[in-house]
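Below, chain A is the first sequence line, B the second, and so on; all start at residue 1.
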Amino acid sequence: MDVVLIRDLFRQTDKYINQSIKVGGWVRTVRASKAFGFIELNDGTFFSSLQVVFEESLNNFKDIAKLITGSAIIVEGVLVESPGAKQPFELKAQNIVIEGLSSQDYPLQKKRHSFEFLRTIAHLRPRTNTFSAVFRVRSIAAYAIHKFFQERGFVYVHTPVITGSDAEGAGEMFRVTTLGFDQTPRNEQGKVDFSKDFFGKETNLTVSGQLNVETYCMAFNKVYTFGPTFRAENSNTARHAAEFWMIEPEIAFADLGDNMKLAEEMMKYIISYVMDTAPEEMNFFNSFIDKSLFNRLENVLQSEFGHIAYTDAINELKKSGENFDYPVKWGYDLQTEHERYLSEKIFGKPVFVTDYPKEIKAFYMRMNEDGKTVAAMDLLAPGVGEIIGGSQREERLDYLEKRMDELGLNKDEYQWYLDLRRYGGTRHAGFGLGFERLIMYLTGMTNIRDVISFPRTPKNAEF
RNA sequence: UCCUCGAUAGCUCAACGGUAGAGCAUCCGGCUGUUAACCGGAGGGUUGCUGGUUCGAAUCCAGCUCGGGGAGCCA
């Protein structure tokens, strides 16, 4: 007899009710009395567990009654309607095989654990309700992203994880090297001689696939990357990790407006898909993690995202009369408190802030007519902050070179990037979506460490 | 990196200068429909680490380590 997935028992109950079946899973809890007992069995395929009823007639009844939480078992029996109110059906066991015993020091209990504690046992936490739900939603959301782009003719590009460009400008990078630490070779100037290194030059882990994916955009029209990204920033917040996943679409013959339209459609698509595909998990989040979750997500689905230019946002913030800790001034980047006020108080929904001063944005963003601002856009989400950052790219070679000179960038390093402007360059735009921030937004989880399987943060690379 | 709060049994917490406790978990026993099962009993501690103050420190002080919340950097 094949093992049946508990998911199928719940989704196709008619097919299995009153039938002999076999299931395998991990014990969540055992409640036993003298002559019978109950096991909550979870096999990881479904949010809910299956109640197994077992009786004295089992030849190994005493062993089963003493099963420790976490043990792996295989149960054969008949699926019957349950007299209990809390489950529609239950499995009446005829035979239970212990696959792997747990131990009395198994750290997970059937009561609530703090997320802080569960982080210290990241290898076991996916067996809990919350993390079971988080990581199933994460998987579904990843699929939804691919589905969204593939249905629209986007080509999925694998950009390199190891990069040789040393100035992508998005933050501190992790060095990639095979040079020893004891006898680092030096050149005549006493500097590290990277010509002796594996790649013959200085290399790092990527902080963004954008520059690379732009090259494929100029060949495939609509492309996206979806992969790991690394930042060696000493950031100690609930929203930052040293290793995270990022989605970066790039579209040709498109401007900033097209870019924002794409971002909004994508966000709505992912939310709908996840809500439709993981109703049990989403219900759990709405009930136990964030009681305003459904209201918030429904509101996003039904409303148009807000739009406001940076300059107008500054004026709105000044007008608000709110007493901010940091000054609101044109030319200064918006502080977290300003972003929150915009998205939470003024708009009450996700809002695009556009056309930032060029000084606070990256070199590749397209210069606006005014010569002071660039065609950038950040999507600010209530509760999560900046979830998307993007722009229309500067396709005019002379503008781009001028900007790179102003910032003192080495144009030789970017010849391939500049070539895109020499050989049939066109308007194009794109953005970066922080995948973990999206998961936080979808689930109501408030710490990025709790939406990544094995989080890497300053002073923490366990597991 | 900065500000702030915290670290006591496996977990969640109490004790706040005078013998370190509870609930849950674990172990033993009981119980014929449980579902955070219930009832009885038992074991379980270098109070994060190092030093200091004191007759006496989980408790007061300093440094360190790690963690939470907030900020910067960003996604």
Novice: Is the phosphate of B/A36, meaning OP1 or OP2, less than 4.0 Å from a side-chain N or O of A/K86?
Specialist: yes

Novice: Pick the C1' atom in B/U65 and in B/U50, then give their distance to the nearest Å.
Specialist: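 Between the two C1' atoms, the distance is 11 Å.
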
Novice: Could you tell me how far apart A/K361 (NZ) and B/C74 (P) are, to the nearest whole angstrom?
Specialist: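 My rounded result for the distance is 8 Å.
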
Novice: Of all residues at least two apart in sequence or in a different chain, which pass the salt bridge (Lys or Arg N to Asp or Glu O under 4.0 Å) check with A/R456?
Specialist: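 With neighbours one apart ignored, the set is empty.
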
Novice: Mind checking the P distance from B/U8 to B/A15? Whole angstroms is fine.
Specialist: 14 Å

Novice: Please report the distance separating the C1' of B/A57 from the corresponding atom of B/G17, rounded so that it comes out in whole Å.
Specialist: 7 Å

Novice: Does a nitrogen or oxygen in the side chain of A/S235 sit under 4.0 Å from OP1 or OP2 of B/U1?
Specialist: no

Novice: Take atom C1' in B/G67 and the same atom in B/G48, then report the distance between them in whole Å.
Specialist: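 So the two C1' atoms sit 11 Å from each other.
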
Novice: Is A/E202 salt-bridged to A/R175, going by a charged N under 4.0 Å from an acidic O?
Specialist: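 Counted as a salt bridge, because a side-chain N and a carboxylate O are separated by less than 4.0 Å.
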
Novice: Taking only residues two or more places apart in sequence or in another chain, which ones pass side chain to side chain donor-acceptor pair (under 3.5 Å) with A/K268?
Specialist: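 Result, side chain to side chain donor-acceptor pair (under 3.5 Å) vs A/K268: A/E264.
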
Novice: For RNA chain B, find the residues of residues 30-42 of chain A with a heavy-atom distance under 4.0 Å and give them by number; none if there aren't any.
Specialist: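 Contacting residues: A/R31, A/A32, A/S33, A/K34, A/F36, A/F38, A/E40.
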
Novice: In whole Å, I'd like the distance from the CD atom of A/E337 to the C1' atom of B/C3.
Specialist: 15 Å

Novice: Checking contacts here: which listed nucleotide (B/G33, B/A36, B/U26) is nearest the side-chain heavy atoms of A/K110?
Specialist: B/A36

Novice: Say we look at B/C64 and B/G70: how far apart would their P atoms be, to the nearest angstrom?
Specialist: 24 Å

Novice: In whole Å, I'd like the distance from the CD atom of A/E248 to the C1' atom of B/C74.
Specialist: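 Roughly 13 Å, once rounded to whole Å.
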
Novice: On the 0 to 90° scale, with breaks at 30° and 60°, tag the A/F324-A/Y341 ring pair as parallel, tilted or perpendicular.
Specialist: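 Answer is perpendicular, since the angle exceeds 60°.
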
Novice: So, the side chain of A/T203 versus the backbone of A/I162: is there a donor-acceptor pair under 3.5 Å, distance only?
Specialist: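 Looks like no, no N/O pair under 3.5 Å.
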
Novice: Determine, step by step, whether A/F305 and A/F347 satisfy the ring pair (Phe, Tyr, Trp, His ring centres under 6.0 Å) criterion, reporting the C-alpha distance in whole Å, the side-chain angles of both residues, the deciding distance to 0.1 Å, and the verdict.
Specialist: CA-CA 9 Å; A/F305 289 10; A/F347 284 90; over 10 Å; no

Novice: Taking distance alone, no hydrogens or angles, what donor-acceptor pairs closer than 3.5 Å link side-chain atoms of residues 432-451 of chain A to residues at least two apart or in another chain?
Specialist:
unit_1	atom_1	unit_2	atom_2	d
A/E436	OE1	A/W245	N	3.0
A/E436	OE2	A/R138	NH1	3.0
A/E436	OE2	A/R138	NH2	3.0
A/E436	OE2	A/W245	N	3.4
A/R437	NE	A/R239	O	3.3
A/R437	NH1	A/E386	O	2.8
A/R437	NH2	A/R239	O	3.1
A/R437	NH2	A/H240	NE2	3.4
A/T443	OG1	A/I439	O	2.8
A/T443	OG1	A/M445	N	3.2
A/N447	OD1	A/R449	N	2.9
A/N447	OD1	A/R449	NH1	3.1
A/R449	NH1	A/T237	O	3.4
A/D450	OD1	A/R119	NE	2.8
A/D450	OD1	A/R125	NH1	3.4
A/D450	OD2	A/R119	NH2	2.7

Novice: What's the gap between B/C16 and B/U59 when it is taken at their C1' atoms, as a whole Å value?
Specialist: 5 Å

Novice: Can you tell me which residue pairs pass the salt bridge (Lys or Arg N to Asp or Glu O under 4.0 Å) test with a partner in residues 344-367 of chain A, sequence neighbours excluded?
Specialist: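 Passing the test, one end in residues 344-367 of chain A: A/R340-A/E344, A/K361-A/D378, A/R366-A/E395.
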
Novice: As a test of reading the structure: which of B/C73, B/U34, B/G70 is closest to the side chain of A/A238, going by heavy atoms?
Specialist: B/G70

Novice: Do you know which two heavy atoms are closest between A/I270 and A/A141, and how far apart they sit?
Specialist: CG2-CB, 4.3 Å

Novice: In whole Å, measure the gap between the C1' atoms of B/C28 and B/G68 for me.
Specialist: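 Rounded to whole Å, the distance is 39 Å.
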
Novice: Give each stem of RNA chain B as a range with a range, requiring at least 3 consecutive Watson-Crick or G-U wobble pairs whose two distances are under 3.5 Å.
Specialist: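 So the stems come out as B:1-7 with B:65-71, B:10-13 with B:21-24, B:26-30 with B:38-42, B:48-52 with B:60-64.
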
Novice: Let me know the distance between OH of A/Y341 and C1' of B/A71, rounded to the nearest Å.
Specialist: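 To the nearest whole Å, that distance equals 21 Å.
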
Novice: B/C66 P sits how many Å from A/N234 CG, rounded?
Specialist: 11 Å

Novice: If a protein heavy atom is under 4.0 Å from the base, mark B; if only from the sugar-phosphate, S; if neither, -; do that for nucleotides 8-14 of chain B going 5' to 3'.
Specialist: --BBS--

Novice: B/A9 and B/A14: how far apart are their C1' atoms, nearest whole angstrom?
Specialist: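 The same atom, C1', in both gives a distance of 13 Å.
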
Novice: Looking at every heavy atom in both A/S391 and A/A376, which two are closest together, and how far apart are they?
Specialist: CB-CA, 3.8 Å

Novice: Of the residues in residues 443-451 of chain A, which ones touch RNA chain B at a heavy-atom distance under 4.0 Å?
Specialist: A/N447, A/I448, A/R449

Novice: Please list, chain by chain and in numerical order, all residues satisfying salt bridge (Lys or Arg N to Asp or Glu O under 4.0 Å) with A/R7, sequence neighbours excluded.
Specialist: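 Per chain and number, A/R7 pairs via salt bridge (Lys or Arg N to Asp or Glu O under 4.0 Å) with no residue.
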
Novice: If I take atom CG in residue A/D63 and atom P in nucleotide B/C27, what distance separates them, rounded to the nearest angstrom?
Specialist: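 These atoms are roughly 13 Å apart.
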
Novice: Spell out yes or no: do the side chain of A/E233 and the base of B/G72 have one donor N/O and one acceptor N/O closer than 3.5 Å?
Specialist: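 A donor-acceptor contact between them is absent.
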
Novice: Going by salt bridge (Lys or Arg N to Asp or Glu O under 4.0 Å), name the pairs with one or both residues in residues 59-75 of chain A, residues two or more places apart or in two chains.
Specialist: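 For residues 59-75 of chain A: none.
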
Novice: Provide, to the nearest angstrom, the distance between the CD1 atom belonging to A/I387 and the C1' atom belonging to B/C74.
Specialist: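 Rounding to the nearest Å, CD1 of A/I387 and C1' of B/C74 are 13 Å apart.
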
Novice: Keeping to residues at least two apart or across chains, list the side-chain hydrogen bond (donor to acceptor under 3.5 Å, both in side chains) pairs with something in residues 71-90 of chain A.
Specialist: A/Q51-A/E90, A/S82-A/Q87, A/S82-A/E90

Novice: If I take atom CG in residue A/L379 and atom P in nucleotide B/A75, what distance separates them, rounded to the nearest angstrom?
Specialist: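 After rounding, the reported distance stands at 13 Å.
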
Novice: Decide, yes or no, whether a salt bridge links A/R31 with A/E40 under the criterion of side-chain N to carboxylate O below 4.0 Å.
Specialist: yes

Novice: Taking protein heavy atoms under 4.0 Å as touching, what does nucleotides 41-50 of chain B look like 5' to 3' if B marks base contact, S marks sugar-phosphate-only contact and - marks none?
Specialist: ----------

Novice: Check the orientation of A/Y224 and A/F154. Use parallel for under 30°, tilted for 30 to 60°, and perpendicular for over 60°.
Specialist: perpendicular

Novice: For B/G68, does OP1 or OP2 lie under 4.0 Å from any side-chain N or O of A/R119?
Specialist: yes

Novice: Could one point to a donor on the side chain of A/K92 or the base of B/G33 with an acceptor on the other under 3.5 Å away?
Specialist: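 Answer is yes: a donor-acceptor pair is held.
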
